Amino acid sequence: MISWYVTQASSYAADVDGLILRIALIVGAFFLAAEFVLIWLIVKFRARPGVKGRYITGEKTSEAKWVNYPHYLVLVFDIIIVAAALRVWSDVKIDLPPAEERVRIVAQQWAWTFVHAGPDGQLDTADDIRTVNVLNLQVNRVYHFELHSKDTLHSFSVPVFRLKQDAVPGRAIVGWFRPTVTGEFDIQCAEICGIGHGLMAARVRIRSAAAQAAWMETAPRMPLVLSERSESNGQLASVTPAVATTGGDR
Ligand SMILES: [Cu+2]
């Protein structure tokens, strides 16, 4: 249902949508049931001439069951939701499948820089391709991203991937995605990061293998050299070896 409005373009997008839908159905059913009981009780026990209101403490078993049984049901459904959420969280944020390619993402006020490995598949080599505000990906390829921030908190959000990951200064956060459809979609910063936050949008272009290879042939080489990284921001160079997975980082 969510996919009617926002394309599912990553391998885990359908799982995230399924989880949201399941939670909405469970919570929605409880909401409708609670409202139905509330309205039924309002009508049934409405004010009548000659009938005095009673103060009910809810201590008798016959009264307490109206609280206890729904409470047990809520606990059971809580466990179902938490179990389903942990499975999806683990798939998206903790269990990274082996990378076919790595891409470095650097957030700063107020732009995204992407460092692509180039034809050799290795970052920090002469054939790296550096782009600003356009992330170029190949469909059905497992990417590990390495997310940095040069200044303040940002959040790398790709709605069609159902992915959102905070960028934290001083940390290199690793996550993954596998694009599943070709096309061009939005990237946005999802963390208020200063007066230009609203301008911090970018695009992801997902191409077939052949089209991606053709792009790599013609893309200008602008490697993010190590000396530039340490000059531009001491933190970025110093934190690079301390790569953390996304587990525990929101
Ligand atoms: Cu930002």
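Starting from 1, each residue takes its place in the sequence as its number. Order of listing sets the numbers, starting from 1, for every ligand and every atom in it. Since this is a predicted model, take the numbers as computed values, not measurements.
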Is Cys193 close enough to the Cu ion (ligand 1) to have an N, O or S atom under 2.8 Å?
->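 For Cys193, the answer is yes, given that an N, O or S atom comes within less than 2.8 Å of the Cu ion (ligand 1).
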For this session: Taking both backbone and side-chain atoms into account, decide whether Met200 has an N/O/S atom under 2.8 Å from the Cu ion (ligand 1).
Result: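 It does: Met200 brings an N, O or S atom closer than 2.8 Å to the Cu ion (ligand 1).
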**Q.** Ring geometry between Trp215 and His116 (parallel below 30°, tilted from 30 to 60°, perpendicular above 60°)
**A.**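 Taking Trp215 first and then His116, their aromatic rings stand perpendicular (interplane angle over 60°).
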> Angle class for the Phe177/Phe161 ring planes (parallel below 30°, perpendicular above 60°, tilted otherwise)?
Replying inline: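 Ring orientation, 0 to 90° scale: tilted.
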Point to revise | Distance-only polar pair, side chains of His144 and Glu146, donor-acceptor under 3.5 Å | key: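 The answer is no; no qualifying pair exists.
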Closest approach to the Cu ion (ligand 1) by His154, given as the N, O or S atom name
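Per the distance ranking, His154 contributes ND1 as its closest N/O/S atom to the Cu ion (ligand 1).
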Arg104 with Asp128: basic N within carboxylate O range, under 4.0 Å
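Salt bridge absent between Arg104 and Asp128.
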